[in-house]
Amino acid sequence: MRFLVRRNICCRRRNREHLMSVDFKRGETLPIHINMTFPSLPCDVASVDAIDLSGKHEVDLDTNIWKLRLNSHGHIIGTEYLSDLVEKQHTTRNHDDKEHHDGSAKKPHKFSFDKDAENMINKVKKALENGEGCRVYGVLDVQRVAGNFHISVHALNIYVAQMIFGGATHVNVSHMIHDLSFGPKYPGLHNPLDDTVRILHDTSGTFKYYVKIVPTEYRYISKEVLPTNQFSVSEYFSPMNEFDRTWPAVYFLYDLSPITVAIKEERRSFLHFITRLSAVLGGTFALTGMLDRWMYRLIKALTTTSARGAFQ
């Protein structure tokens, strides 16, 4: 079943038609373009994790992610390319945010820091003292099903995280979203999260962005078809307190609409232009004719009144 919604979006003899139909795509991947800055989270502890609706980690994601170390002024001081940024060391299980690090917290056991862990702790502490941040950008290719991805410190062992931050309330996930999209851009596309800034002061917590993705095809006048996606979003912030067993993170929970939208560019014909021009000219002549009659009647009434006054 197909619906037609006509919108005159462009001028200069061009408009766009919006066609809506049921989405039958199967077995395709969904590209997620990420470009975010975390001014208070060093790159050594910032990690990206993605899971689908079943709760299974996507350990074979085709990722192309870069992390840029930033100093306190936002200037780049280091670059790291991570093709396996998605945390592959996690086991397959329900990966809800409430479960992160809970297992380790509920089962205390002996833990000894090796040399590498000590070096990492010292390195991250120094980065925090220097006010380092991190910029994460690149593309995640995930399965075309509902799921989520998030940026957090969940890759750290709970004991290492405690040694670095001294508790979850000291993890600052302030962030700036420069670009978040689910496919290439087309003329007139608006991504609602672009240029979003969320800065925390003297507090911590978890950000959740609930994203509804609408599969979209943009059809140019040249007959070229661009498959992409547009989306709407709502957000929620959950503040952290010292009794919480979770760790702060920035979540993007996405779901796909069963309806796909096809946007078709059409060039207006010359006959359509002549028809509209005729309508405008006809309306102009009709309006001037009405004004002429009103002015004639007004002048005639004023003239008659003046003549009567002079006669009397």
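With hydrogens and angles ignored, the 3.5 Å screen pairs no side-chain donor or acceptor of N130 with any backbone N or O of E132. In this structure, the side chain of N119 engages the main chain of K115 through a donor-acceptor pair within 3.5 Å. Remark: the backbone N or O of L68 is not paired with any side-chain donor or acceptor of T79 at under 3.5 angstrom. Using a distance-only test at 3.5 Å, with no hydrogens or angles considered, no donor-acceptor pair links the side chain of D141 to the main chain of T29. Side chain of T37 to main chain of M176: no donor-acceptor pair is present (N/O by atom type, distance under 3.5 Å, no hydrogens or angles). In terms of modelled atom types and a separation under 3.5 Å, the side chain of T203 and the main chain of L200 share no donor-acceptor contact. Side-chain atoms of D49 never come within 3.5 Å of backbone atoms of I151 as a donor-acceptor pair (strictly under, hydrogens ignored).
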**OP:** Check the pair M240, T246 against side chain to side chain contact (heavy atoms under 4.5 Å, CB included), reporting the backbone distance first and the verdict last.
**Re:** CA-CA 8 Å; M240 188 73 58; T246 59; 3.8 Å; yes
**OP:** Report the C-alpha separation of V142 and Y254 in whole Å, then their side-chain angles, then the decisive distance to 0.1 Å, and conclude whether the side chain to side chain contact (heavy atoms under 4.5 Å, CB included) test is met.
**Re:** CA-CA 11 Å; V142 300; Y254 56 87; 3.5 Å; yes
Subject >> Check against side chain to side chain contact (heavy atoms under 4.5 Å, CB included), M36 and V250 >> reply: CA-CA 11 Å; M36 300 178 62; V250 179; 4.2 Å; yes
Subject >> Pair V153-L41, side chain to side chain contact (heavy atoms under 4.5 Å, CB included): steps then yes or no >> reply: CA-CA 9 Å; V153 298; L41 199 64; 3.9 Å; yes
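In this structure, Q162 and G167 approach most closely via the heavy-atom pair OE1-N, 3.4 Å. Scanning both residues, T216 and T260, for their nearest heavy atoms gives N-OG1, 4.2 Å. Between I213 and F231, the shortest heavy-atom contact is CA-CB, 4.0 Å. Nearest approach of A249 to S152, heavy atoms of both residues: CB-CB, 3.4 Å. Residues S257 and P215 share a closest heavy-atom pair of O-CD, 3.7 Å. A pairwise comparison of heavy atoms in S40 and L128 identifies O-CD2, 4.0 Å as the closest pair.
To the nearest 0.5 Å, the span separating CD1 on I32 from CZ on F149 amounts to 5.0 Å. Remark: L298 CG to L291 CG distance equals 12.0 Å, nearest 0.5 Å. Remark: F38 CZ to C134 SG distance equals 8.0 Å, nearest 0.5 Å. Between S232 atom OG and K212 atom NZ the span is 8.0 Å, to the nearest 0.5 Å. Separation of atoms CZ (R293) and OG1 (T288) is listed at 9.5 Å; rounding is to 0.5 Å. One finds the CE atom of M163 at 8.5 Å from the CG atom of N122 (value rounded to the nearest 0.5 Å).
Using cut-offs of 30° and 60° on the angle between ring planes, the pair W66 and Y137 is parallel. Taking the six-membered ring where tryptophan is involved, the planes of Y186 and Y218 are essentially parallel, since the angle between them stays under 30° and well short of 60°.
Side chains of I51 and N148 form a contact here, defined as non-hydrogen atoms less than 4.5 Å apart. Looking only at side-chain heavy atoms (C-beta outward), N191 and L193 stay at 4.5 Å or farther from each other. Within the 4.5 Å cutoff, the side chain of H150 has no heavy atoms near those of the T206 side chain. L226 has its side chain out of reach of E224: every pair of non-hydrogen atoms, C-beta onward, lies at least 4.5 Å apart. Looking only at side-chain heavy atoms (C-beta outward), W294 and M290 come within less than 4.5 Å of each other. In this structure the side chain of D23 never reaches within 4.5 angstrom of the side chain of I259, judged on heavy atoms. Considering only heavy atoms from C-beta on, V211 comes within 4.5 Å of F182 through its side chain.
V225 is not connected to I263 by any chain of hydrophobic side-chain contacts under 4.5 Å among Ile, Leu, Val, Met, Phe, Trp and Tyr, and they are in different clusters. Y209 and V197 end up in different hydrophobic clusters when Ile, Leu, Val, Met, Phe, Trp and Tyr side chains are linked at under 4.5 Å. Hydrophobic clustering (ILVMFWY, side-chain heavy atoms < 4.5 Å, transitive): V173 and F237 are in one cluster. Put simply, L189 and Y220 are part of the same group of oily side chains (I, L, V, M, F, W, Y) that touch within less than 4.5 Å, one to the next. Residues I177 and I65 share a single hydrophobic cluster, defined by chaining ILVMFWY side chains whose heavy atoms lie under 4.5 Å apart.
Open room surrounds NZ on K123; 12 or fewer heavy atoms of other groups in view lie less than 6.0 Å from it.
Taking the six-membered ring where the residue is Trp, the centroids of H170 and F165 are separated by 6.0 Å or more.
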